[in-house]
Each structure stands twice: as C-alpha cells, then as structure tokens.
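Report on one structure; see the data block that follows.
Atom set for the values below is all heavy atoms of this structure, side chains included, hydrogens, waters and symmetry mates excluded. On a predicted model such as this, the values are computed, not experimentally measured, just so you know.
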Amino acid sequence: MKNFLSNLYRALGPLAGGILLDTLDIATFGPVGIYVGWFVGYAVGWWMASFYNFHPAGKFLFASIAAIYLTLPMTEFVPVATLVSAFARFRGRAEPPA
C-alpha cells in the first residue's frame, strides 16, 4: 500500500495544486469571484506555496498569481492551473528509477 501511495503522489502530487486552484476557480464563478476570489486565491496560494517549500518571496508571488487567477472572470472553463502544473511536471527533471 505504501508503494501505491508513493507512486500516486509522484504521478499526481504536483498536479494536485493546479487541480485545487481550478476547482476553486469554478467555485468562485461569477460575481462571487470578484468579491471573495482574491481572498480565497491568496490564502490557498500561500498555503500551497508553503506546502511546496517556496521561499517567502516565492510564496508572495505564487499567492498573488493565484489571487488574480481566482478573481479574473471567464477563467472557470479553461483549467489553466492544471495545464501549467502538468507542463511544469513534463519539463521537470526526470527522477531516477527506484
């Protein structure tokens, strides 16, 4: 079971942040996003950046981008955060085989 969870994290762990942001983007659809999207985006972006061990400046930048993304209208239907995280995972360094 531990091996399965390890493999699942290696495959989906980096994508989970993008999926979470896109799910929250759908939840903040319409006028809700304008009023609370920035707050939700900043809080979740800061938490995610802390989870991925960003430095303080990186946390601020990541949280600010997440806040803007959740505040912008008409971003709900394109999973930009998931696509960006998938591209980053694709372009990242290959891990040595276990």
Checking [X] now: which residues fulfil side-chain contact (heavy atoms from CB on, under 4.5 Å) with it, not counting sequence neighbours?
X     : result
Ala66 : Leu21
Val78 : Val80
Thr23 : Ile19
Val40 : Leu24, Val44, Leu70

Set of residues satisfying side-chain hydrogen bond (donor to acceptor under 3.5 Å, both in side chains) with respect to Thr75, sequence neighbours excluded: Asp25

Just to verify, what does Thr71 make a side-chain hydrogen bond (donor to acceptor under 3.5 Å, both in side chains) with, not counting sequence neighbours? none

Spell out, yes or no, whether Val84 and Met48 are grouped together once hydrophobic residues are joined by side-chain heavy atoms under 4.5 Å, including indirect joins. yes

Suppose the criterion is side-chain hydrogen bond (donor to acceptor under 3.5 Å, both in side chains): which pairs have a residue in residues 34-44, not counting sequence neighbours? none

Partner residues of Phe62 under the ring-ring contact (aromatic ring centres under 6.0 Å, His included) criterion, sequence neighbours left out: Phe54

Set of residues satisfying ring-ring contact (aromatic ring centres under 6.0 Å, His included) with respect to Phe29, sequence neighbours excluded: Phe77

Set out, in order, the CA-CA distance, both residues' side-chain angles and the distance that settles side-chain contact (heavy atoms from CB on, under 4.5 Å) for Asp22 and Tyr69, then state yes or no. CA-CA 9 Å; Asp22 285 328; Tyr69 179 61; 2.5 Å; yes

Least distance between heavy atoms, Ser85 atom then Gly18 atom: OG-CA, 3.9 Å

Grouping ILVMFWY residues whenever side-chain heavy atoms fall under 4.5 Å, the cluster of Leu61 otherwise contains Ile65

Does Trp47 form a side-chain contact (heavy atoms from CB on, under 4.5 Å) with Leu20? I'd like the steps, not just the answer. CA-CA 12 Å; Trp47 175 74; Leu20 176 64; 3.9 Å; yes

